[in-house]
Amino acid sequence: MPHILRRGGRAKGFEGPLLTVVMDGFGLAGAGEGNAIWQAYTPTIDRLARDYPNLAIKAHGKAVGLPSDDDMGNSEVGHNALGAGRVYNQGAKLVREAIECGEMFRNAAWAEVSGGCAGGGGTLHFIGLLSDGNVHSHIGHLKSMVARAKQDGVGRVRAHILLDGRDVGETSALDYVLPFEAFLSELTSPGFDARIASGGGRMRVTMDRYEADWGMVETGWKTHVLGEGRAFGSAEEAVRTLRGETGATDQFLPPFVIAEGGEPVGPILDGDSVVFFNFRGDRALEISQAFERPDFGKFDRKRWPKVTYAGMLQYDGDLGVPRRFLVSPPNITETMGEYLAETGVSQLALSETQKFGHVTYFWNGNRQSKFSDRLEEYVEIPSDMVPFERKPWMKAAEITAECLRQLRAGRHRFLRLNFPNGDMVGHTGDYQAAAVGVGVVDMCLASILPAVDEVGGIAIITADHGNADEMYEVNRKTGEPERDGSGRVRPKTAHTLNPVPLIIYDNVHRGGYAIKEGAFGLSNFAATAVELMGFEAPGIWDESVLSWS
């Protein structure tokens with residue numbers, strides 16, 4: 001059945017373009033130490049907040065389909081909610097429920113990965129992010145699977161751990177490694193041998209995304225699969241030594257291999273099984289292709305073991321990667337992109353590499369392909385491969401130039417773009433760099449908004465979650481920044497629980513509507529946007545935030 005938007009509502013005469021600007025990582029927090037957005041020079045955003053309709057909307061927890069309101073939002077679920085117009089249970093919640101009810105362990109995929117390793121068969125390997133950040137993974141999921149593997153008769157388990165320091169404290173690795181090693185030790189018994197086999201920082205090893213740096217994946221392959229790399233007697237020794245030598249935070253620690261008697265304890269061999277236990281897809285897709293594709297050519301694998309491979313979820317439904325997965329991802333349908341395409345509305349999606357998949361794949365409900373090749377245009381600005389704190393402006397100028405060109409060309413009625421600066425620079429923990437990045441986005445808005453007026457358009461400025469709004473770890477009781485033993489403020493690299501702005505820059509219908517009373521989230525964006533474009537929002541979407549006079 002076609003998904004066509006009906007014309008109607010008070011904005012039905014509007015024909016100009018509607019532009020959506022996602023300021024990634026731009027949360028709303030009180031003025032104070034650690035808030036790089038507050039410190040940044042943002043005259044344009046300040047003017048918008050003062051002179052145009054706006055409100056704070058939720059971008060975390062249950063408002064974006066996560067298990068609880070203690071769970072920070074992220075770019076993936078945020079863009080899902082923006083594009084879907086309603087809330088779907090997301091990866092963390094789906095996996096938790098599948099484990100708690102036992103569904104995961106009853107399905108065929110688990111039977112295949114565990115069954116091949118039972119009764120003295122191969123080794124069952126788990127690869128993924130070792131933390132409880134609940135953005136890419138959760139250590140509790142891993143522990144449940146290891147315990148179940150023992151129950152199912154698997155004799156040998158190896159964990160290949162990627163250190164976080166991004167969605168959790170930047171030097172918190174041992175807070176997860178040590179209890180996990182104790183957990184494995186308690187499970188180990190005659191007939192069951194479980195150990196950590198390799199690891200490294202998530203921004204150095206394995207977890208590349210959008211094909212920005214296949215070298216990271218190659219490093220992970222050599223480390224996890226081939227067992228090649230600097231050897232240590234334990235993960236604790238590796239973390240302490242590498243941290244001391246490099247001064248790097250957890251996410252940037254070099255790769256390491258655990259060895260015994262000069263030999264790696266857990267290379268991946270023919271007949272083994274492998275589970276990539278991240279539930280989020282963007283940083284799991286490339287390593288999954290390396291395991292599954294016979295025609296893989298991104299780097300020389302040297303050795304391609306014949307394994308039973310599974311992802312926690314299927315990371316790309318269109319590509320079918322991986323073929324085997326433990327939990328079914330949300331089936332997101334009837335998205336804003338689909339409705340606009342079937343209604344005949346032309347669309348542009350624009351960002352640089354770091355967030356290109358968010359305004360395309362995630363916006364469209366985890367769909368790799370376009371709804372209409374004729375009506376949709378995707379523009380990717382290649383990201384620079386330099387540390388974000390060294391170039392906090394990233395590709396904002398290039399994104400802006402392309403946006404201006406597209407607006408003036410008049411080809412598209414709905415345009416969406418993402419400025420990654422507040423998020424990607426925020427993740428570095430560099431306070432001053434984050435403030436610069438936010439200021440750059442403000443400057444770009446100052447160039448874009450006059451062009452919106454020039455073409456008779458409207459702009460909605462929003463964000464997908466917070467990040468740069470809290471750059472320091474804060475003591476929740478005192479409200480003061482936490483400090484280490486030397487008095488240094490502890491940087492915060494994770495997302496926040498703060499709301500984000502929804503600002504409507506509209507000089508077309510100005511004064512014709514007000515913001516409704518109530519609590520709203522990212523899922524209310526789609527109905528608001530199509531209403532401004534002169535359409536009636538589908539009844540399945542969450543309501544618009546507008547009340548027309």
Side-chain angles (χ1 to χ4, degrees), residues 1 3 20 22 57-101 103-104 107 133-138 141 278-285 311-319 325-341 349 357-369 371 416 418 462-465 495 497 499-500 502 519-530 537-545:
M1 179 178 178
H3 301 111
T20 297
V22 180
I57 59 175
K58 285 189 174 182
H60 76 285
K62 295 178 180 179
V64 288
L66 298 173
S68 78
D69 285 337
D70 292 328
D71 294 313
M72 67 188 83
N74 61 67
S75 297
E76 290 64 39
V77 300
H79 284 78
N80 275 168
L82 285 166
R86 57 201 191 279
V87 178
Y88 285 84
N89 287 346
Q90 290 289 345
K93 189 170 185 178
L94 291 172
V95 173
R96 187 192 70 181
E97 291 174 348
I99 290 174
E100 289 178 351
C101 73
E103 177 186 350
M104 175 192 289
N107 68 29
N134 222 28
V135 174
H136 290 267
S137 67
H138 197 290
H141 303 161
N278 285 17
F279 49 73
R280 186 169 126 179
D282 57 341
R283 294 190 184 274
L285 185 58
M312 183 65 88
L313 278 77
Q314 186 167 56
Y315 304 127
D316 191 315
D318 290 335
L319 296 178
F325 46 96
L326 303 181
V327 179
S328 296
N331 181 29
I332 301 177
T333 61
E334 299 180 75
T335 63
M336 182 182 183
E338 182 178 4
Y339 266 98
L340 290 176
H358 295 77
V359 292
T360 55
Y361 174 80
F362 290 106
W363 187 283
N364 285 334
N366 305 337
R367 178 188 174 95
Q368 193 73 32
S369 57
F371 294 105
R416 57 185 183 267
N418 179 301
T462 188
D464 52 348
H465 57 77
H495 297 166
L497 300 177
V500 300
L502 182 71
F520 299 101
L522 293 177
S523 61
N524 298 99
F525 162 83
T528 305
V530 299
I540 58 170
W541 290 0
D542 291 344
E543 67 176 309
S544 163
V545 305

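Remark: the backbone N or O of H136 is not paired with any side-chain donor or acceptor of R283 at under 3.5 angstrom. Looking at N278, its side chain never comes within 3.5 Å of a backbone N or O of R280 through a donor-acceptor pair. For the pair R367 (side chain) and G365 (backbone), a donor-acceptor distance under 3.5 Å is absent. Using modelled atom types, no side-chain atom of N524 and backbone atom of G85 make a donor-acceptor pair closer than 3.5 Å. Of the possible donor and acceptor atoms, none in the side chain of Y361 sits under 3.5 Å from a partner among the backbone N and O of S369. Of the possible polar contacts, one joining the H79 side chain to the S75 backbone as a donor-acceptor pair under 3.5 Å is found.
The nearest pair of heavy atoms linking S523 to V87 is OG-CG2, 3.7 Å. Closest of all the heavy-atom pairs between A463 and V500 is O-CG2, 3.4 Å. The minimum heavy-atom distance between V359 and R416, with the atom names listed, is O-NE, 2.7 Å. When all heavy atoms of A529 and M336 are compared, the closest pair comes out as CB-CE, 3.5 Å. A537 and A527 get closest at one heavy-atom pair: CB-CB, 3.6 Å.
Residues S328 and N107 fail the side-chain proximity criterion, which asks for heavy atoms closer than 4.5 Å. Side-chain contact between L82 and V22: present, with at least one pair of heavy atoms (C-beta onward) separated by less than 4.5 Å. Residues T528 and E543 fail the side-chain proximity criterion, which asks for heavy atoms closer than 4.5 Å. Considering only heavy atoms from C-beta on, L66 stays 4.5 Å or farther from M72 through its side chain. Looking only at side-chain heavy atoms (C-beta outward), L94 and P330 come within less than 4.5 Å of each other. At a threshold of 4.5 Å between non-hydrogen side-chain atoms, the residues I332 and N80 count as touching. Taking the side chain as every heavy atom from C-beta outward, D71 and V135 never approach each other to under 4.5 Å. At a threshold of 4.5 Å between non-hydrogen side-chain atoms, the residues D464 and H358 do not count as touching.
Note that CZ of F520 is 10.0 Å distant from CD1 of I57, once rounded to the nearest 0.5 Å. Put simply, CD on Q90 and CG on L313 are 9.5 Å apart, with the number rounded to the nearest 0.5 Å. Put simply, CG on L502 and CG on L522 are 8.5 Å apart, with the number rounded to the nearest 0.5 Å. Distance check: N89 CG to R96 CZ gives 9.0 Å after rounding to the nearest 0.5 Å. Rounding to the nearest 0.5 Å places CZ of F371 at 10.0 Å from NE2 of H3. Considering OG1 of T335 and CG of L340, their distance stands at 8.5 Å, rounded to 0.5 Å.
Annotation: K58, atom NZ; neighbour count of heavy atoms from other residues, nucleotides and ligands within 6.0 Å does not exceed 12. The local environment of CD in E103 is sparse, with at most 12 non-hydrogen atoms from other residues, nucleotides or ligands closer than 6.0 Å.
W541 and Y339 have perpendicular rings, their planes meeting at more than 60° on a 0 to 90° scale where under 30° would count as parallel.
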Go through D70 and H60 one step at a time and tell me if the side-chain hydrogen bond (donor to acceptor under 3.5 Å, both in side chains) criterion holds.
-> CA-CA 8 Å; D70 292 328; H60 76 285; over 6 Å; no
Which is it for D282 and F362 under the side chain to side chain contact (heavy atoms under 4.5 Å, CB included) test, yes or no, and what are the steps along the way?
-> CA-CA 10 Å; D282 57 341; F362 290 106; 4.2 Å; yes
Check step by step if side chain to side chain contact (heavy atoms under 4.5 Å, CB included) holds for R86 and E334.
-> CA-CA 10 Å; R86 57 201 191 279; E334 299 180 75; 4.0 Å; yes
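Residues W363 and F525 bring their aromatic ring centres within 6.0 Å.
Side-chain contact, E338 with N364: no donor N or O sits under 3.5 Å from an acceptor N or O.
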